[in-house]
Amino acid sequence: MYALIDGNNFYVSCERVFRPDLRGRPVVVLSNNDGCAISRSNEAKALGIRMGAPWYQLRPLVQSHGLVALSANFALYGDMSDRMMSLLATLGAQQEVYSIDECFVDLAGVGGDLTQRGHRMREQLLQWVGIPSCVGIGPTKTLAKLANHIAKTATYQSGRYPAQLAQVCNLSALSPSAWQAVLAATRVGEVWGVGRRLGAQLEAYGIRSALDLAQLDPTTVRRRWSVVLERTVRELQGTASIELEEGGHGKRQIAVTRSFGQPVTALPDLEEAVTVFASRAAEKLRRQHGAAAQVMTYIRTSPFRQAPQYSRASVMPLQRPSGETGAIVRAALAGLRAAYRPGFSYAKAGVFLLDLQTGEAQQGELGFDEREPVPRHGARLSNVLDRLNQRYGQDTVFVASAGLGGVQRVWSMKQEHRSPRYTTCWNELPVAHA
DNA sequence: TCTGGGGTCCTAGGACCC
DNA sequence: TCTGGGGTCCTAGGACCC
């Protein structure tokens, strides 16, 4: 049996912990560059604000409906997420942190009434961390996910599902007929693993509800569609086919990409940005004690503008797998120079670390070239860099090609409404007045 | 004027091997 | 006239997720 616990409107809920005055009001959190809405309070959803709606289209709602827009504050959300996850880890034997605002918990061996346990856990999460959430419980991850979706919908939208499934929905506690009824009331596209494309295809075949999908023959599904959808069908039927993945295995790929605050044309500006992104990516890599064998740099113009379009990625292999800032920045800059064409207005750049290896299992090499022994100082230098930046704050020490005039960076992003980093920055702690 | 960032997995097809 | 069979590895691209 699995539980899926998911924070409601997570980013907005994080902001509300420190701004109780935002409760009951329409609030959105904007993406980097204040580009578009990436989290919405229920009041904002009720105004018809869509996920991903561009901010400039929403701006009139500030006047007309008291909409509050906040710039994304990922330092805050990440820290709130850590608090939430460590509390939820106590719910069962194993936990998979699936995203910043949700986790699966394996309930194997957990006794007692699981529904009640779910209610207690979400009350504790609300009281201790301040985040409202919903809990779904089911025999497989896909069913737990579905149960969570049902709990959420029943909480905020009356009529579609029985009201007692609000907040906590435990499918395994339902009678077979009640179970069938909730699956029949769920559109096939709402099932985890069925996206827009598959959803449309399935509907065209007359498979409209989650129940319809669950009643298909898995082998046929594999032949007609894919092994991925076959697994989903088996999971809906109650056969666990997607394993719980505990943390600690590290990422297979690391990316740092950003849109620019304004279009960038000059190579030196792009070099600054790519240096910063590559440095950030190298830090992430070292945090999981990894090494990258390849570095990809990518630049592109804005697809939303009526201007000549250009997009190019370039992969540079490293001489040997490395987690050092210096080596990674050099490779990323070489990739940038290979991808760059003058005369375009670039809107975004990114650095990807690929072909990652873990610290313990790294490919050795034959010493063909004795004039160039394996360097050791680079790794030590990067460690010192990390320790200094950890102790004295981000960017205390950095690579010079990142540019010295931080304020003059033409490409830096817009964040006009960012809240304080209440929990991760000494200067921005909330102050209590007696 | 103004539209995010970071991931995973699977498949098809090409290059190459014997 | 007539030209096999079986396999691996890598990459690009698609679909999905939050």
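Per chain, numbering begins at 1; letters A, B, ... match sequence-line order.
- Distance A:R280 CZ to B:dG4 C1': 17 Å, rounded to the nearest Å.
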Would you sort out whether A:E235 and A:R231 count as a salt bridge (charged side-chain N to carboxylate O under 4.0 Å, His left out), showing the intermediate values?
-> CA-CA 6 Å; A:E235 286 248 317; A:R231 276 199 288 262; over 6 Å; no

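- Contact annotation: A:K414 side-chain N/O to B:dT3 OP1/OP2 distance is not under 4.0 Å.
- Classified by interplanar angle (parallel below 30°, tilted 30° to 60°, perpendicular above 60°), the ring pair A:W192/A:Y98 is perpendicular.
- In this structure, A:K251 does not pair ionically with A:E245, as no charged nitrogen and carboxylate oxygen lie closer than 4.0 Å.
- A salt bridge between A:K145 and A:E102 is present, with a side-chain N of the basic residue lying under 4.0 Å from a carboxylate O of the acidic one.
- Of the candidate nucleotides B:dT8, B:dC10, B:dG4, B:dT8 has the atom lying nearest to any side-chain atom of A:Q253.
- Salt-bridge check for A:R223 with A:E230: failed, with every basic side-chain N at 4.0 Å or more from each acidic carboxylate O.
- A:F74 has its CZ atom 10 Å from the C1' atom of B:dG6, to the nearest Å.
- Using a 4.0 Å cut-off, some side-chain N or O of A:K348 falls inside it from OP1 or OP2 of B:dG5.
- Taking for each of A:R258 and A:V228 the nucleotide of DNA chain B with the nearest heavy atom, the 5'-most of the two is the partner of A:R258.
- Of the two residues contacting DNA chain B, namely A:K284 and A:Y56, the nearest-nucleotide position lying further toward the 5' end is that of A:Y56.
- Straight-line distance from the CZ atom of A:R418 to the P atom of B:dG4: 20 Å, rounded to whole Å.
- Remark: C1' of B:dC9 and CD1 of A:I242 are 11 Å apart, rounded to the nearest angstrom.
- Among the protein residues, A:R50 comes within range of no part of the nucleic acid, since none of its heavy atoms lies under 4.0 Å from any strand.
- Spacing between atom CG of A:D355 and atom P of C:dA12 amounts to 13 Å, rounded to whole angstrom units.
- Salt bridge annotation for A:R160-A:E190: present, with a cationic side-chain nitrogen under 4.0 angstrom from a carboxylate oxygen.
- One finds no salt bridge joining A:R286 and A:E324 here, because no Lys/Arg side-chain nitrogen approaches an Asp/Glu carboxylate oxygen to under 4.0 Å.
- The pair A:E428-A:R418 meets the salt-bridge criterion, with a side-chain N (NZ, NE, NH1 or NH2) lying under 4.0 Å from an Asp/Glu carboxylate O.
- Distances shown here put a side-chain N or O of A:S259 below 4.0 Å from the OP1 or OP2 atom of B:dG4.
- Distances from the side chain of A:N32 to the nucleotides B:dG4, B:dC10, B:dG6 place B:dG4 closest.
- Here the C1' atom of nucleotide B:dG5 and the CZ atom of A:F352 are 9 Å apart, to the nearest Å.
- At whole-Å resolution of the value, CD1 in A:I254 and P in B:dG5 are 17 Å apart.
- Between A:Y11 and A:Y77, the two ring planes are parallel [angle under 30°; tilted spans 30° to 60°].
- For DNA chain B, if you chain together Watson-Crick or G-U pairs that step i with j, i+1 with j-1 and so on, the runs of at least three with distances under 3.5 Å are B:5-18 with C:5-18.
- Under the side-chain contact (heavy atoms from CB on, under 4.5 Å) rule, A:R40 has a single partner from A:I49, A:N9, A:V29, which is A:I49.
- For A:T257, counting side-chain heavy atoms from C-beta on, the closest listed nucleotide (B:dT3, B:dT8, B:dG5) is B:dG5.
- The distance between atom CD of A:E243 and atom C1' of B:dC9, rounded to the nearest whole Å, is 14 Å.
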Using a cut-off of under 3.5 Å, enumerate the N/O to N/O pairs linking the protein to nucleotides 14-18 of chain C.
unit_1	atom_1	unit_2	atom_2	d
C:dA15	OP1	A:R197	NH2	3.0
C:dA15	OP2	A:R197	NH1	3.4
C:dC16	OP1	A:G195	N	3.3
C:dC16	OP1	A:R197	N	3.4
C:dC16	OP1	A:L198	N	2.7
C:dC16	OP2	A:R197	N	3.3
C:dC17	OP1	A:G193	N	3.0
C:dC17	OP1	A:V194	N	3.3
C:dC17	OP1	A:V194	O	3.3
C:dC18	OP1	A:K145	NZ	3.2
C:dC18	O3'	A:S99	OG	3.2
C:dC18	O3'	A:D101	OD1	3.2
C:dC18	O3'	A:E102	OE2	2.9

